[in-house]
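Structure, as structure tokens:
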Amino acid sequence: MKQSQYLIPTLREVPADAEIASHKLLIRAGLARQLASGIYSYLPLGLKVIQKIQTIVREEMNRAGAQEVLLPAMQPAELWEESGRWEAYGPELVRLKDRHERRFALGPTHEEVISCLVRDEVNSYKKLPLNLYQIQTKFRDEVRPRFGLIRCREFIMKDAYSFDTSWEGLDKSFQAMFDAYTRIFTRIGLNFRAVEADAGSIGGTGTYEFMALCDIGEDTIAYATEGTYAANLEKAEVVYKPSDKPTGEVPPLEKIHTPGARTIEQLQQSLGIAASQIVKSLLYRVDEKLVMVLVRGDHELNEVKLKNLYDAVEVRLASEAEIRGLTGAPAGFIGPVGLDPQAVEIVADNYLQDVTDGVTGANEQDYHYRHVVPGRDFAVSRYADLRNIMEGDDCPRGGGKIAFARGIEVGHVFKLGTKYSKPLGVTFLDENGRAQEMVMGCYGIGISRIVAAVIEQHHDENGIIWPVSVAPFHVHVIPINAKLEEQRAVSERISEMLTAAGLEVLYDDRPERAGVKFKDADLIGLPLRITVSDKAQEGVVEVRVRRTGETHEVKLDQLVPFVQEWLAKLDETAIEFARSRQE
Ligand code: 9G3
């Protein structure tokens, strides 16, 4: 491909709204352009990367026995009403009407559509198990699109749905997808980890997110320093081991004046105590119910654990008015002592049991209690694991200590069970002719997001460093001086030779200075650069490895095997790199 005719609008300037490296490089290297907030055009180079990723995904999905389909993006509202999700989702669901005023959604995901298809077309156990997938544009009206291709309103997803006759069958389908995902992300060259995630209202065991590890990731991953345990922050269980510190006689409850001390830090400073001695009291609305949740001052409440404890649809912090209505005090001075157990339930994190001489709000502005003893001074209806895990905590599966990493979610595998097959009536006839609900799984990969994740993990200060498996071209051929006939002729011959050997070549035939072309080459980040200089007259060119910066002088008659060997070696390196971080 001749670069002079190819659309790669590289930029020296960094886009103003780009906060992270991958977003900046995506634009600067001419891979994509934003049309509207969170809506992008893919330019030729960006589309090539996406197609490489799609090919890997298709190969591994087909190998796992899944069949490709393509479902409509435009989906009738009635179908979403059947699953109950037309009402459950708010403005994130993109809604529109046709010319007859019929209501539609632009698909944010396809559980409803696939369920409808399988309900109508598959009726017997003989046709099961079945796994259908597609690669398609999805629409979600995100509150805050950002980070380039990471949080978009229009994005490309591979979504797959499995249908089984039993939970044991689902376990098998799920494992096949888990293994396929592991192969896909390894082949792409991502440093990733499969982490346990919260299944939410879907329930069941074994929901995993595949996280590409990088510091700018939006999710926190808790992983064991020894062993394989890894979980999302919201999911990671905290084991409770009671403190073995002896507790002496605690003086009676005492009200103290704490003017303006609303926060844990302010209380710590004004009273000279440790945060672990403070009882943090948070008032929540859990569906209709008011619940006071207590965690130690040095701990963070985990709202997902609270939601799961009550099997609630919604949890949210109580409003200032609700707080005053119950306690008579403003936020910052509330606490469990003296509250009416009819009006509010009091639950506490397990570790609150270690607070033996604590401080808590007195339900009066500018006052707290000290010498507070849970059980003595107030009743707790339930102790449970309600806090976020912290670095240094014990691994819940016995593998050393917990450490944190950040990640970008690039894949997600779910066991759905009958969550959709029940309301949508997706049934099959079993061997005895009885109708039973199909047991479903769903499996997603963020195709466009992977482009961002790969760039995030594979770049340096000069630009992108593509892993061979997803590089838009393998080799960049650059004559130092394209005006010289000799250099042009050799460059063209090299391009032809490499192309004939099955490699993809970008030939920079532009009449630019060498420095400009080298800068663009580093920015675009093809794995190998071949520089054609005066030495071409002697039959020698220079091969430069983008990842390491090393250069090799190579004779023209050795060039094709040399390039092939290096590409194979680099691909292996990318895969090894991803694997080594998974242990
Ligand atoms: C919606 C909107 C946003 C959504 C959903 C529905 C996320 C929604 C979860 C999934 C689950 C799986 C298939 C591939 C694997 C993941 N955001 N989810 O269901 F209406 Cl507006 O999409 N889907």
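Whatever order the structure lists them in is the order used to number ligands and atoms, beginning at 1. Basis for what follows: all heavy atoms, side chains included, without hydrogens, waters or symmetry-related copies.
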Does D287 reach the main-chain N or O of A312 with its side chain, forming a donor-acceptor pair under 3.5 Å?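 Answer holds: no.
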
Can you check whether F104's main-chain N or O pairs, donor with acceptor, with W80's side chain at less than 3.5 Å?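 Flag not set: sc W80 to bb F104 has no pair under 3.5 Å.
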
Before accepting this row, confirm whether a basic side-chain N of the pair E314/R285 lies closer than 4.0 Å to the acidic partner's carboxylate O.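 No, this pair does not count.
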
Y133 ring center within less than 6.0 Å of Y161 ring center: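 Not under 6.0 Å, so no.
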
Check: Y223 ring centre within less than 6.0 Å of Y229 ring centre: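 No, the ring of Y223 stays outside the 6.0 Å limit from the ring of Y229, centre to centre.
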
Does the pair H412 and F210 meet the rule for a ring-ring contact (aromatic ring centres under 6.0 Å, His included), with working shown? CA-CA 6 Å; H412 204 151; F210 286 80; 9.1 Å; no

Under 4.0 Å from ligand 1 - residues by heavy atom, chain and number: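 Near ligand 1, by chain and number: W80, R85, Y89, E92, L93, P108, T109, E111, R140, D159, Y161, F414, C442, Y443, G444.
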
